[in-house]
Every structure is written in C-alpha cells, then in structure tokens.
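Worksheet: one structure, shown below.
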Amino acid sequence: MRTDAVSELKPAPQPRRGQILAWLIILVMVALLIAANAVRAGTSSNEGAVTDLRMKIMAQEAIASRSLSADQGLRVMKEMESEARSPEDKVRVAILSGYLQGKAAALSKLDISPGAQSAPEVTRDLAALHTIYMDGTRALRPGEAGRLIRRYEYFGRMALASDRRQVDEARKSIDRAARRTFFLLGVLAAGMLGLVGVSLGLSVTAIVCWRKGKIRPGYVSQPDGSAAYLKGFALYLVLFVLLGLAIRWVGLSSPSWNWVAWLIIPAVILIIVRTAGPAEDWRTALGWYSGRGWWWEFASGIAGYLACLPIVGAGILVTVILIRITGTVPRDAITPLLQGNILVLYGIACVWAPVLEETMFRGALFHHLRGRWGWAFSAAVVSCLFAVIHPQGWAAIPALGSIAMSLAALREWRGSIIAPMAAHAFNNFLVITLALALLRGSGS
C-alpha cells in the first residue's frame with residue numbers, strides 16, 4: 001500500500017481545545033467523586049467498623065496470648081489502650097482490663113473524661129459497668145445486659161462474663177473465640193510469610209530477566225491525534241457519576257445494580273470508534289486481545305502481581321505511617337458489604353471492577369497518555385486518578401496508588417489488558433478473603 005494511501009486513513013489532528021475540554025471534564029468529575037466520597041464518609045454509620053474490628057481482634061489476641069505469657073497479654077492491652085480514640089474505645093479497654101486483671105483495674109479505667117461522659121449513651125454504659133464490677137450482673141436494671149451486648153457485642157459479653165459469681169460458661173465462650181482468632185492470625189501470618197517469599201523470588205527473577213533483556217514491553221505506544229481515548233475516558237467518568245446519582249435517586253441500594261455500569265463500556269467504545277476513525281485498531285489500543293493466550297496472560301497477571309508486591313507493600317507502609325501520624329482512618333468500604341451476599345461481593349470485586357476499571361484506566365486513559373509520554377509519567381497520572389476516586393480517603397492513596405502502578409507495569413509488559421485484570425481480581429480476592437476470615441473468625 002502506498003504511503004500516501006496510508007496517510008489518508010490516519011485521522012487528521014484535531015484542535016487542542018477538544019483535549020483541553022476532555023481534561024476539564026475529567027477533573028470536574030474527579031472532584032465530584034472526591035466530594036461525594038467525603039460526604040459519604042462523614043455520614044456513614046460504618047465509619048468506625050475497621051477500628052471496632054481491630055480493637056476486637058487485639059482484645060482476643062490479648063486474651064489468648066495470656067495463657068502463653070501474661071506479659072504478652074498485658075503488652076497487647078497497652079497497645080490497644082494507646083490506640084483508643086473514642087469514648088467507646090476507652091470503654092472497651094476498661095472491659096478488657098476487668099476481664100484480664102479484675103474489677104479494680106476496670107474501675108480505675110472507667111474514669112473517662114467529662115467530655116465523653118456528656119454523651120448519654122456512654123454515661124449509661126459507665127453506670128452499667130460500675131454496677132457489674134461492684135454488685136454483679138444480677139444488680140443490673142432489666143434490659144441493661146442486652147443493651148450492652150447490642151452496643152459492644154463481643155466486649156458486652158466480656159463485661160457480663162467478668163462477674164465471676166456467675167456460671168463461667170460465658171467466659172469459656174469468650175476464651176474459645178479468642179483462641180480461634182489467635183489460631184487464625186497465626187495461619188494468616190504463615191500464609192503472608194509464604195506469599196512474601198514467593199513475591200521476593202519472583203521480584204528477583206523479574207529484575208534479572210529484565211537486566212538480561214528477556215523481559216521486553218509488549219505494549220507499543222501509538223500517538224492518538226484525535227484524543228479519542230481521552231474523550232472516551234471522560235465519557236466514562238460522566239456516565240459513571242450520572243449512573244451513580246440515578247441509582248441513589250431511585251433508592252436502589254443493592255450492590256447488584258453496579259453491573260449496570262458495564263453498559264458504559266460499549267458507549268465508550270462507540271465514541272472511540274467514531275472519533276478515532278477506521279484506521280485505529282481500538283481492540284489493540286484498549287488491550288482487548290488475548291496476547292499469548294487467555295490462560296497464559298491470566299497466569300502472567302498473577303505472577304506479575306506477586307512480583308510487584310514489594311511496591312504494594314511500600315505503598316501500604318506509607319499509608320500506615322500516615323494513619324499513625326494523623327490519626328486518620330481510611331473509610332471502610334468492604335466490611336459493611338460482608339454482611340450481605342458474599343457471592344455478589346466477590347463478583348463485584350473480582351469481575352465487575354477489574355473489567356470496567358482496567359478497560360478505562362489501564363486501557364483508554366493509559367493508551368492516550370502513553371502515546372505522548374513515557375511509561376513512568378503515564379502510569380503515575382493514571383494511578384493518581386485511580387487512587388483518588390476510590391472511597392477509602394486520602395490516607396489510602398499511597399496504598400491504592402502503588403497497586404495501580406503495578407497494574408500499569410503489567411499493561412506495559414504484556415500489552416493485553418488481561419494481565420492487569422487478573423492481577424486486579426487477585427488483589428481484590430485476597431483483600432475480601434482476608435477481611436471475611438477476620439470478621440467471621442473473630443465472632444463469638
């Protein structure tokens with residue numbers, strides 16, 4: 001084919017104002033998503049779910065480890081006390097002290113600040129606990145025992161079990177739950193150590209192969225003169241925001257309605273095809289091809305994710321440091337969903353999100369940026385946008401951003417979007433399985 005004939009098939013460069021408008025739309029939509037996430041975080045009744053679960057697990061660790069070492073149990077309790085922020089957290093510490101050290105220790109910790117006592121519910125909690133430790137559970141007013149359990153769940157049962165004049169079947173139940181959690185934490189720790197070992201091995205292998213030239217980028221950047229993929233990404237954000245508003249306006253609260261968002265994908269592809277012209281292979285640009293085969297690309301995605309775990313670990317470490325310094329706790333977007341249909345949750349996290357988000361972020365947006373800039377800058381921009389629109393909050397940005405950078409590395413390495421999708425799905429599977437194991441395993 002003649003060169004002039006090929007040039008006729010290429011889309012003519014369009015004015016920059018189209019790209020500028022697309023970026024303005026993207027920034028406005030991102031700002032709206034950040035604002036909406038902040039509002040939901042401020043009004044969510046599950047805001048302290050992560051903290052509550054952590055306090056519960058630490059208490060169970062303290063109870064279970066005292067049989068091995070009394071000092072270890074007290075050390076965990078001291079750590080729990082240092083992390084107590086809310087009046088309810090301090091009540092939990094007092095209850096654990098009473099369970100481990102007796103009523104004198106509990107009573108010494110029930111002297112919570114006057115500001116905390118101004119809350120009627122906390123004042124009532126303190127009165128009930130004073131009654132338990134001074135006069136026993138039989139002296140409680142009718143309904144107070146059930147109210148403590150509703151308010152503090154495991155800790156409420158622990159407070160009632162602190163009365164040694166009662167049948168100690170309640171204490172056995174508390175201890176069984178603690179030992180079960182302690183064993184589960186040991187299994188998870190062993191599994192994490194094994195995962196770290198595999199990750200380090202794959203990381204070293206990947207670096208050696210890269211230095212020897214055995215790992216080469218499978219993605220080939222192509223200038224996008226029409227900015228079709230940038231416009232497609234902007235359309236995705238607009239439709240995503242509008243769809244979310246429509247679902248909330250109608251009052252549809254089931255996570256299953258998220259699947260409707262997959263209709264955005266054909267709409268984005270349509271605008272890309274119409275804008276880019278017939279010469280553009282949109283499947284290759286988005287990474288919608290099988291590479292060396294579906295199963296090979298899927299396995300490469302899992303292996304690549306494991307090799308990138310040191311990067312993810314560094315991001316998580318930064319997030320932990322930020323939490324420690326600022327006291328900010330990322331919004332928990334998972335624990336509330338664990339109470340619902342688990343299969344639906346796995347489907348949303350391991351199929352819906354990887355397909356939609358990888359197509360748009362590591363597909364359309366990455367392709368647009370990669371045609372103009374190097375991998376590092378393109379991946380950083382995509383990863384930043386990916387992290388900030390998630391509902392966990394600003395403290396989680398380093399952790400989410402490190403995951404996104406790893407996914408962008410897989411896109412660059414494989415070319416096909418299957419590997420990032422597989423890695424994304426595997427990451428979400430691990431997070432949900434870990435959260436589910438801790439939530440279910442720590443129950444009494």
Side-chain angles (χ1 to χ4, degrees), residues 1-30 217-243 261-291 297 354-386 389 404 407-421 424:
M1 183 180 291
R2 298 202 320 260
T3 304
D4 55 350
V6 174
S7 62
E8 290 176 0
L9 295 176
K10 294 181 178 180
Q14 296 183 359
R16 290 179 59 85
R17 63 174 177 270
Q19 297 185 40
I20 295 174
L21 178 60
W23 276 115
L24 286 175
I25 292 173
I26 291 171
L27 294 176
V28 169
M29 292 299 105
V30 168
Y219 175 84
V220 179
S221 62
Q222 300 174 359
D224 173 24
S226 65
Y229 297 90
L230 181 66
K231 296 173 184 176
F233 182 78
L235 176 63
Y236 153 69
L237 287 181
V238 170
L239 294 179
F240 187 80
V241 170
L242 291 177
L243 181 61
W262 265 13
L263 296 176
I264 297 175
I265 296 177
V268 170
I269 291 175
L270 179 62
I271 192 174
I272 287 174
V273 172
R274 290 176 63 88
T275 306
E280 181 70 54
D281 184 0
W282 62 267
R283 292 181 182 83
T284 301
L286 291 178
W288 274 30
Y289 61 95
S290 59
E297 296 299 332
V355 171
L356 180 62
E357 293 180 348
E358 294 311 307
T359 298
M360 298 304 159
F361 283 92
R362 261 65 61 179
L365 183 59
F366 180 84
H367 177 72
H368 170 80
L369 292 170
R370 194 64 181 83
R372 290 160 172 75
W373 306 94
W375 173 84
F377 179 80
S378 302
V381 172
V382 172
S383 300
C384 181
L385 292 176
F386 177 83
I389 69 170
L407 297 175
L410 291 177
R411 165 76 155 131
E412 181 81 5
W413 172 40
R414 304 307 305 166
S416 169
I417 207 72
I418 297 173
M421 285 181 181
H424 194 155

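- Atom CG of Leu365 is separated from atom CD of Glu357 by 13.0 Å, given to the nearest 0.5 angstrom.
- Between Ala234 and Ala22, the shortest heavy-atom distance links the atoms CB-O, 3.9 Å.
- Partners of Tyr289 according to the ring pair (Phe, Tyr, Trp, His ring centres under 6.0 Å) rule, which considers only residues two or more places apart in sequence or in another chain, do not exist here.
- Applying the side-chain hydrogen bond (donor to acceptor under 3.5 Å, both in side chains) test to pairs two or more places apart or on separate chains, those with a residue in residues 407-416 are Glu297-Arg414, Arg370-Glu412.
- Of all the heavy atoms in Leu235 and Ala267, the pair that sits closest is CD2-O, 3.8 Å.
- When side chains are defined from C-beta on, Leu237 does not count as touching Ile25, because their heavy atoms never get closer than 4.5 Å.
- For the atom pair CD1 (Ile272) and CZ (Phe233), the distance works out to 11.5 Å, reported to the nearest 0.5 Å.
- Between Tyr219 and His367, some side-chain heavy-atom pair lies under the 4.5 Å cut-off.
- Side-chain contact between Ile26 and Leu230 is present, with heavy atoms from C-beta onward closer than 4.5 Å.
- Put simply, the side chain of Ile265 reaches to within 4.5 Å of the side chain of Met360, judged on heavy atoms.
- Not a single ring pair (Phe, Tyr, Trp, His ring centres under 6.0 Å) links Trp23 to another residue, sequence neighbours left out.
- With contacts defined as side-chain heavy-atom distances shorter than 4.5 Å, the pair Leu286/Ile417 does not qualify.
- Under the rule for a side-chain hydrogen bond (donor to acceptor under 3.5 Å, both in side chains), the partners of Trp288 that lie at least two apart in sequence or sit in another chain are Thr359.
- Closest approach of Asp281 to Thr284, counting heavy atoms only: OD2-OG1, 2.6 Å.
- Between Leu356 and Phe361, every side-chain heavy-atom pair lies at or beyond the 4.5 Å cut-off.
- Every residue meeting the side chain to side chain contact (heavy atoms under 4.5 Å, CB included) condition with Leu242, not counting sequence neighbours, appears here in chain and number order: Val238.
- Judged as a side chain to side chain contact (heavy atoms under 4.5 Å, CB included), and not counting sequence neighbours, the contacts of Ala408 are Arg362, Phe366, Trp375, Ala379.
- Residues Gln19 and His368 are in side-chain contact: their nearest non-hydrogen atoms beyond the backbone lie under 4.5 Å apart.
- In the displayed structure, Trp262 atom CH2 is contacted under 6.0 Å by more than 12 heavy atoms of other residues, nucleotides or ligands.
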